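These notes are about the structure you will find just below.
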There are 2 protein chains.
Amino acid sequence: MANIRQIAKLAGVSVSTVSRVLNGHPYVSADKRRAVEDVMARLNYSRNINAVHLLRGRTDMVGIMLPSINHPYFSRLVEGMSDEALDQGLRLVLCQTGYDENEERRALALVKEKQIDGLIVCSKSLGWSEIASYRSYGALVSCGEDAGERISSVYIDHYRSFETGMRHLLSKGHRKIGLCMSRYVSSSSERRRSAYLNALREIGEPCREAWTFYDCYDIESGADVMRRLKAMAERPTAMIVTGDQVAVGMMAEAGKHGWRVPEDLALMGLDNQPIAEVLGLTTIDNHLYEMGREALRMLRAELADPDDGRKRRRLEIACELIVRSTV
Amino acid sequence: MANIRQIAKLAGVSVSTVSRVLNGHPYVSADKRRAVEDVMARLNYSRNINAVHLLRGRTDMVGIMLPSINHPYFSRLVEGMSDEALDQGLRLVLCQTGYDENEERRALALVKEKQIDGLIVCSKSLGWSEIASYRSYGALVSCGEDAGERISSVYIDHYRSFETGMRHLLSKGHRKIGLCMSRYVSSSSERRRSAYLNALREIGEPCREAWTFYDCYDIESGADVMRRLKAMAERPTAMIVTGDQVAVGMMAEAGKHGWRVPEDLALMGLDNQPIAEVLGLTTIDNHLYEMGREALRMLRAELADPDDGRKRRRLEIACELIVRSTV
DNA sequence: ATGAAAGCGCTAACAC
DNA sequence: GTGTTAGCGCTTTCAT
């Protein structure tokens, strides 16, 4: 593999001249430029970007921390980031963690070691303060939830989003409402739970343990929830569900048993995934694609003013109720 | 940011000793090791991995070329790669191309510039020969289709997969069968089309232009196909469909119009995505997760014997008919 | 307009 | 066991 010194020698110029040509600098005479370009073409030269990275102290790569890419929530988010990254000339490094703390630390280590210039945190098990301690090594952005005082965030107001969903359910006359969520312990889950509980409290309904389900991430778990619901003596008339796929799993299983939605059970989804539209699922749109784009834009801004680490950026992505036919 | 020289000075040793400690080499006295580790901890030192990359000539990162991550086919594939990458100590760099040739060239350039050690090609518009010309700069693996004589491949026999699907359709008495695919021009599409056409020929049925649809990638396009089907005077009794999401879109739209599946229209999907199971879609399992893992494993093998570039690796992933209730 | 030379931070061959 | 030193391939002053 040819290097810049060989190019210089063969072209009869110095390495600096080659470097100038490489980087499109002015003040290189046309004939020398030609000579250099000829040799480069002849040797099929390409510069070793790692030397540039070492010199510049950055790599123009950013990491994306998430539990798994194979989930519509995250892949939609990453699609947005990826499109924005293209515009910004950045590359994305996938850091699948499965919510494992050590895996998260390994992702953070990438910024400490300067393999990536920054990290977008889409999911985490570690506390924000441990994450924030890497702030001095590179840019950090939280995507999806407000990370508090120390980390810039593009986020959804999860309380408001569930409040909106609950209000719609109540407006349709539902009072016996069940809840279906992903992780039990997570700040977004807690905010959603509060919104749910507060709404119930307002109408004087108790919260029934049996109607709240956790660790539901995918279609299968939705189907499973439905089966458990079916086995109950007293059932809710509506469910508010984190993630459209889970709601879709419930719809599908309901259909198998001849239950009608919303007559026998109303369903409120979350995220407004494409499948929600096709199946007519009433849901809450979190504008994931735009949120992904904005997260990357924010990271870019953080990268741009490194010394100014005190000013924290925040951007709330508004959610939007999408009324269709399952409530 | 501290560097190895400062650590050495403060610990009262040479840089080589620090390097030895850093890399866990033997032959370092316990007390010096301690001294070095203390200083490292005190300065919160972390080595600059870019220097290592420059020195070693590799980065332990591999690129994944695909049109978009936000599609269940690709995200399932990448999930497998990502899990395997973790085991192998490699990182994944996302290269979303949207089938754009210049974007594909930019991805290939990453291997030429040594930013990544190799590239897994999950989709491409460029010809294989242009892609293969990058073989001398790094490892290349095709994932999903057989790339011919010059590039190692983990692949599906797309002909056989559709042949299997068609056989099943025929065995259920269908003769008027429509086709729904993604890109018109692509080697996998061509092989599937041959299988489809040959099966029709065998039973003496003509191929009807009106019953073949292209550029269907997602749920919405499935719904759209269904609407077009509905408007036809003469309709197929079954459709063989590339991608379960597309088939699901068709099912959903069929339901809206009161059509029953399979009585009014039988549906054969592809990929065996989770939603296929829940909706009872008959489909062909391509074992995408395993294919992703194997692709990464193969890339790893390519990386391991760089000088031995003539021997091409191949691994066919067998497909499997999953009979459920839509045919 | 061009070149010489000093690094970026690290590893490893070599000498002791 | 430990230190000295020569690079890895490039960019960028600073002279000229």
Side-chain angles (χ1 to χ4, degrees), chain A residues 1-37 39-40 43-61 109-117 137-138 306, chain B residues 1-37 39-40 43-61 109-117 137-138 306:
Chain A
M1 224 90 316
N3 64 26
I4 201 177
R5 234 178 333 271
Q6 300 173 40
I7 303 293
K9 181 180 292 179
L10 289 174
V13 301
S14 72
V15 291
S16 352
T17 298
V18 177
S19 176
R20 289 188 186 102
V21 172
L22 224 36
N23 295 284
H25 284 219
Y27 306 130
V28 178
S29 66
D31 52 339
K32 298 224 175 198
R33 161 164 280 127
R34 268 290 307 274
V36 170
E37 281 166 348
V39 177
M40 280 181 177
L43 298 200
N44 198 9
Y45 170 81
S46 187
R47 77 175 168 184
N48 184 330
I49 200 78
N50 293 311
V52 181
H53 289 166
L54 173 58
L55 209 54
R56 291 214 202 296
R58 60 186 170 76
T59 59
D60 295 329
M61 306 180 95
L110 294 180
V111 1
K112 191 169 180 189
E113 291 182 318
K114 302 189 134 326
Q115 180 152 359
I116 54 183
D117 299 340
Y137 306 115
Chain B
M1 225 90 317
N3 65 27
I4 202 176
R5 237 179 331 270
Q6 299 173 41
I7 303 293
K9 181 180 292 179
L10 288 174
V13 301
S14 73
V15 291
S16 357
T17 299
V18 178
S19 176
R20 289 186 185 106
V21 171
L22 225 36
N23 295 285
H25 285 218
Y27 306 129
V28 179
S29 68
D31 51 341
K32 299 224 175 201
R33 162 164 278 129
R34 269 289 308 274
V36 169
E37 281 166 349
V39 177
M40 280 180 177
L43 297 201
N44 198 9
Y45 169 81
S46 187
R47 76 174 169 182
N48 184 330
I49 200 79
N50 293 311
V52 181
H53 289 166
L54 173 57
L55 209 54
R56 292 213 202 296
R58 59 186 171 78
T59 59
D60 295 329
M61 305 178 96
L110 293 181
V111 1
K112 190 169 181 190
E113 292 183 317
K114 301 191 134 326
Q115 179 153 358
I116 55 182
D117 299 341
Y137 306 115

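Every chain is numbered from 1, with letters handed out A, B, ... down the list of sequences. No experiment lies behind these values; they were computed from the predicted model shown. Atom set for the values below is all heavy atoms of this structure, side chains included, hydrogens, waters and symmetry mates excluded.
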Sub-3.5 Å donor-acceptor pair from the side chain of B:Thr59 to the main-chain atoms of B:Gln115, do we have one?
yes

For the pair B:Asn3 (side chain) and B:Gln6 (backbone), establish whether a donor and an acceptor sit closer than 3.5 Å, ignoring hydrogens and angles.
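Pair found, side chain donor or acceptor close to backbone of B:Gln6.
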
Can you measure [X] atom [atom1] to [N] atom [atom2] for me and round it to whole angstrom units?
X        : N      : atom1 : atom2 : value
A:Asp31  : C:dA1  : CG    : C1'   : 10 Å
B:His53  : C:dT11 : NE2   : P     : 11 Å
B:Arg58  : D:dG9  : CZ    : P     : 15 Å
B:Glu113 : D:dG9  : CD    : P     : 15 Å
B:Asn48  : C:dT11 : CG    : P     : 10 Å
A:Leu54  : C:dG9  : CG    : C1'   : 6 Å

Please round to 10 degrees the angle between the axis of the first five pairs and the axis of the last five pairs in the helix from C:dA1-D:dT16 to C:dC16-D:dG1.
40°

Using atom types as modelled, flag every donor-acceptor pair under 3.5 Å from a side chain in residues 24-33 of chain A to any protein atom, sequence neighbours excluded.
from: A:Ser29; atom 1: OG; to: A:Asp31; atom 2: OD1; distance (Å): 2.7
from: A:Arg33; atom 1: NH2; to: A:His25; atom 2: O; distance (Å): 2.9

D:dC10, C:dT11, D:dG3: which one has an atom nearest the side-chain heavy atoms of A:Arg47?
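So the nucleotide nearest the side chain must be D:dC10.
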
Go through D:dT2, C:dT11, D:dG9 for me and flag the one nearest to the B:Val52 side chain.
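In terms of side-chain proximity for B:Val52, the closest of D:dT2, C:dT11, D:dG9 is C:dT11.
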
When rounded to the nearest 0.5 angstrom, what distance separates CG in A:Asn50 from CD1 in B:Ile49?
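Reported value, rounded in 0.5 Å steps: 10.5 Å.
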
Approximate separation, where rounding is to 0.5 Å, of A:Thr17 OG1 and A:Ile4 CD1:
9.5 Å

For [N], does either OP1 or OP2 sit under 4.0 Å from a side-chain N or O belonging to [X]?
X       : N     : result
B:Lys32 : D:dG3 : yes
A:Thr17 : C:dA1 : no
B:Tyr45 : C:dG9 : no

Using a 4.5 Å cut-off on heavy atoms from C-beta on, say whether the side chain of B:Lys112 contacts that of A:Asn44.
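Answer yes - side chains close enough.
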
In a check of side chain to side chain contact (heavy atoms under 4.5 Å, CB included) between B:Tyr45 and each of B:Val18, B:Val39, B:Val36, B:Ile7, which one passes?
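So the option named by the test is B:Ile7.
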
Residues two or more places apart in sequence or in another chain: which of them pass side-chain hydrogen bond (donor to acceptor under 3.5 Å, both in side chains) with A:Lys114?
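Per chain and number, A:Lys114 pairs via side-chain hydrogen bond (donor to acceptor under 3.5 Å, both in side chains) with no residue.
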
Please report the closest heavy-atom contact between [X] and [Y], naming both atoms and the distance.
X        : Y        : answer
A:Ala2   : A:Leu43  : CB-CD1, 3.9 Å
B:Val111 : B:Gly138 : CG2-N, 3.8 Å
B:Val15  : B:Ala8   : N-CB, 3.7 Å

Show the distances under 3.5 angstrom between N or O atoms of the protein and N or O atoms of nucleotides 12-16 of chain D.
none

Starting at the 5' end of DNA chain D and moving along, which residue's nearest nucleotide shows up first, B:Tyr27 or B:Ala51?
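Between the two, 5'-proximity favours B:Tyr27.
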
Salt bridge (Lys or Arg N to Asp or Glu O under 4.0 Å) partners of B:Arg58, counting only residues at least two apart
B:Asp60

Output the residues of residues 3-14 of chain A in contact with DNA chain D, where contact means a heavy atom of the residue under 4.0 Å from an atom of the strand; sort by number or write none.
A:Asn3, A:Ile4, A:Arg5

